[in-house]
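Inspection log for the structure reproduced underneath, given as structure tokens.
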Amino acid sequence: MAEWDASLDHVIPSSLLPPFWAKFLVGFASLMCFARSYDGDFVFDDSEAIVNNKDLRAETPLGDLWHHDFWGSRLSSNTSHKSYRPLTVLTFRMNYYLSGGFHPVSFHVVNIALHGGVCVLLVDVFSVLFGGLQYTSRGRRLNLAPRSSLLAALLFAVHPVHTECVAGVVGRADLLGALFFLLSFLGYCKAFRETNKEGTHSTFWVLLSILLGAVAMLCKEQGITVLGLNAIFDILVIGKLNVLEIVRKLLRKDRSLEAINYNYYYSLNAWLLLCPWWLCFDWSMGCIPLIKSVGDWRVIALAALWFCLIGLICQALCSEDSHKRRILTLGLGFLIIPFLPASNLFFRVGFVVAERVLYLPSAGYCMLLTFGFAALSKHTKKKKLIAALILGILFLNTLRCVVRSGEWRSEDHLFRSALSVCPLNAKVHYNVGKNLADKGNQTAAIRYYREAVRLNPKYVHAMNNLGNILKERNELQEAEELLSLAVQIQPDFAAAWMNLGIVQNSLKRFQAAEQSYRTAIKHRRKYPDCYYNLGRLYADLNRHVDALNAWRNATVLKPEHSLAWNNMIILLDNTGNLAQAEAVGREALELIPNDHSLMFSLANVLGKSQKYKESEALFLKAIKAHPNTASYHGNLAVLYHRWGHLDLAKKHYEISLRLDPTASGTKENYGLLRRKLEQMQKKNV
């Protein structure tokens, strides 16, 4: 290998070869590429996996993490994603605890640091893969391929396809899985350094390697594939198996070849490694049109992929150069084995292309690319041209990483960046629309939602969100049509059933609305928002007991459901049940002590019960929280009016009218107060 490595001397100067400087350079490059993402927001899947994941909060017992999936759902649930990564979720929880909440900076910094750690470890891993295991008399491992290992690690450190893993917080699963994957591999290598000394040491390192492999698997399912890489390494490097001899024997016995089952998606994954300029946060829903005919020009990509793979495999198996066979086999192993869980060969996964699953396989690609550069440099006299090509790739990839990290800083930039890459992807248009709707730009959101439905006429989530916006704009007929179609396509879509019920309620079709709400609850039993809306329906129908029961169910399922508590207090107040209203209000404030709307509602009840002092205190607390709410000042003025504190009543009536000059009730009460004050002045005169 020394001869191959020496051919890169015009690319890697000798001053960078000492281990410390090599690792420092790789670590620095990896951090600089993705440093721009450190102050980004939580984007895309981060919302579900982190912000909405109850497993991160202190009130969730730590033991529950072992029974929940990556998204916080119970593994036994029908809605569970079945992705089991408890150790990754544990690190999210530690981030949440140490940073005092959902502050994305700390989450992003950890991801960037983890990528740096993986890149530094790869310097050692590549030195083993390229140079093998040889030791000095003192037991120190020799690095027989310092240039190759450094170049491969640099190529990995600055590869743009890693942006999703590093800049997207949920990518931590891949980062942690890769970290422990590499530690497991290095531990396995360590076992064979100790073999000549004492067998017990070898057993210890093998067991430690297995343990680290298990940890990798608990961070990301892909981690289990380290056992396959260790096996190949054991066979080729430790056992020094001559693969060429085995192939020759097999070919003498049977020259038949098995048919190769290939897939266009593999070639697209390979293209993302070769040319990582065409990157997208999501590759589903029409992003990659299916090949329906052998006349499709994309069949060429399939042929090119398998031509290259078969060529590499033939070289790995049949080359007369044992070093070449070993390096190519290990490189292919590192490329293919970690990719197998995402290949859809053994079981179906929830995607066809995902940049994050290329994190570990890209190490194999970088190894093969480095070996290719070394071979090319060895057989050409234009070494400066090769050096310029390598430096150009490193520079362009670094630039692409910086740009792509910037796109991952916010959902707006991330989603819009995908429009030019996958204009036929309905999910891209859906996410752009959702982001615009969250910012209040409903007109633009409608346009993107309509395009998402046009691209995918069965996209029920886009129909649901579009129906919601149309409902808010009082375009009820079209909203009902969209939501009815959504539940027809997906009958168990509970959110669409609830929203359909809201529209039907607005259209005064109360019986249909009740049926829609009941259907939503049937499909999602723990649905507090649906119980809340069902309670509103019953209140409109003057079915007060049913309304109270529905709102009570909402608060049982979600104790912090402020709207349900408020409606209970107001309904009991309006029906004259002041004692019960007071009891409910006090119960609600114990659970949600800082909710100003609950303070306001309970203050009204207490005022009617002539508990003026306590009512005043609650009004003042509500006003302190929201000083510009006209009704808070207006109702406090009414309290003072009843209480006989007329000057204070006058003051707060005037504040209320400044905030809302159109409030007719406040105007009337203020007029009554002024007349009373005028009469009092006349009496005094």
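On a predicted model such as this, the values are computed, not experimentally measured, just so you know.
Using a 3.5 Å distance cut-off with no hydrogens or angles, the side chains of Tyr84 and Glu221 do not pair a donor with an acceptor. For Ser410 and Asp412, the side-chain atoms include no donor-acceptor pair closer than 3.5 Å. Side chains of Asn95 and Arg172: a donor on one and an acceptor on the other come within 3.5 Å. Looking only at atom types and distance, the side chain of Ser601 has a donor-acceptor partner in the side chain of Asn566 under 3.5 Å away. Counted by atom type alone, Gln504 and Ser516 present one or more donor-acceptor pairs between their side chains at under 3.5 Å. In this structure, a donor-acceptor pair under 3.5 Å is present between the side chains of His561 and Asp529. With 3.5 Å as the limit, one finds no donor-acceptor pair spanning the side chains of Ser37 and Arg404. Side chain to side chain, His633 and Tyr653 fail the donor-acceptor criterion of an N or O pair below 3.5 Å. For the residue pair Asp492 / His523, no side-chain donor-acceptor distance below 3.5 Å is found, with atom types taken as modelled.
Salt bridge Glu678/Arg675: absent, no basic N to carboxylate O contact under 4.0 Å. Ion pair Lys434/Asp438 flagged as a salt bridge, since at least one NZ, NE, NH1 or NH2 atom sits closer than 4.0 Å to an Asp/Glu carboxylate oxygen. Using a cut-off of 4.0 Å between Lys/Arg side-chain N and Asp/Glu carboxylate O, Arg658 and Glu654 are scored as not salt-bridged. With respect to the salt-bridge test (charged N to carboxylate O, under 4.0 angstrom), the residues Arg543 and Glu514 qualify. Taking the charged nitrogens against the carboxylate oxygens, Arg586 and Glu582 do have a contact shorter than 4.0 Å, which makes a salt bridge. Using a 4.0 Å cut-off between a side-chain N of Lys or Arg and a carboxylate O of Asp or Glu, Lys621 and Glu614 do not qualify as a salt bridge.
The OH atom of Tyr96 sits 8.5 Å away from atom NE2 of His103, with the distance rounded to the nearest 0.5 Å. To the nearest 0.5 Å, atom CG of residue Leu606 and atom OG of residue Ser615 are 5.5 Å apart. Distance check, rounded to the nearest 0.5 Å: CD of Gln442 to CG of Leu470 gives 9.0 Å. With values rounded to the nearest 0.5 angstrom, Lys558 atom NZ is found 8.5 Å from Leu563 atom CG. Atom-to-atom distance recorded for Arg642:CZ and Asn669:CG is 9.0 Å, nearest 0.5 angstrom. In this structure, OG in Ser562 is found 3.5 Å from CG in Asp595, a value given to the nearest 0.5 Å.
Classified by interplanar angle (parallel below 30°, tilted 30° to 60°, perpendicular above 60°), the ring pair Phe107/Phe42 is perpendicular.
The two residues Cys280 and Val428 make their nearest non-hydrogen contact at SG-CG2, 4.3 Å. Looking at every heavy atom in both residues, Ala49 comes nearest to Phe92 through O-CD1, 4.5 Å.
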Step-by-step side chain to side chain donor-acceptor pair (under 3.5 Å) determination, Asn635 to Asn604: CA-CA 7 Å; Asn635 284 30; Asn604 287 326; 2.9 Å; yes
Would Arg85 and Leu218 count as a side chain to side chain contact (heavy atoms under 4.5 Å, CB included) here? Give the steps. CA-CA 5 Å; Arg85 303 162 192 171; Leu218 292 174; over 6 Å; no
Kindly determine whether Tyr532 and Thr555 satisfy side chain to side chain contact (heavy atoms under 4.5 Å, CB included), including the steps that lead there. CA-CA 9 Å; Tyr532 165 73; Thr555 59; over 6 Å; no
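Within 6.0 Å of the CZ atom in Arg409, the count of heavy atoms belonging to other residues, nucleotides or ligands exceeds 12. Within a 6.0 Å radius of OH in Tyr97, no more than 12 heavy atoms belonging to other residues, nucleotides or ligands are found. The environment of Arg674 atom CZ is sparse: at most 12 non-hydrogen atoms of other residues, nucleotides or ligands sit within 6.0 angstrom. Under a cut-off of 6.0 angstrom, the local environment of NZ in Lys608 is crowded, with over 12 non-hydrogen atoms contributed by other residues, nucleotides or ligands.
With sequence neighbours excluded, no residue satisfies ring-ring contact (aromatic ring centres under 6.0 Å, His included) with His413. Under the ring-ring contact (aromatic ring centres under 6.0 Å, His included) criterion, Trp643 pairs with Tyr612, His645, not counting sequence neighbours.
At least one side-chain heavy atom of Leu646 sits under 4.5 Å from a side-chain heavy atom of His641. The shortest side-chain heavy-atom distance between Leu618 and Phe600 does not fall under the 4.5 Å cut-off. A 4.5 Å side-chain heavy-atom check between Leu62 and Leu90 finds at least one atom pair inside the cut-off. Side-chain contact between Glu616 and Leu620 is present, with heavy atoms from C-beta onward closer than 4.5 Å. Residues Asp660 and Thr666 have side chains not in contact (no heavy-atom distance under 4.5 Å, counting atoms from C-beta outward).
One N or O on the side chain of Trp497 and one on the backbone of Pro491 form a donor-acceptor pair closer than 3.5 Å. Looking at Asp69, its side chain does come within 3.5 Å of a backbone N or O of Ser73 through a donor-acceptor pair. At distances below 3.5 Å, not a single donor-acceptor pair connects side-chain atoms of Ser47 with backbone N or O atoms of Val43. A side-chain donor-acceptor contact under 3.5 Å links Asp46 to the backbone of Val169.
Within the structure, every pair that satisfies the side chain to side chain donor-acceptor pair (under 3.5 Å) test and touches residues 460-470, not counting sequence neighbours, is listed here: Tyr430-Asn465, Tyr449-Asn465, Asn464-Asn499, Asn468-Lys471, Asn468-Asn499.
The six-membered or imidazole ring of Tyr632 lies away from that of His626, with a centre-to-centre distance of 6.0 Å or more.
Of the listed residues (Asn549, Asp546, Asn533), just one forms a side chain to side chain contact (heavy atoms under 4.5 Å, CB included) with Tyr538, and that residue is Asp546.
A cation-pi geometry, defined here as NZ or CZ lying under 6.0 Å from the six-membered ring centre and within 45° of its normal, holds between Arg524 and Tyr527.
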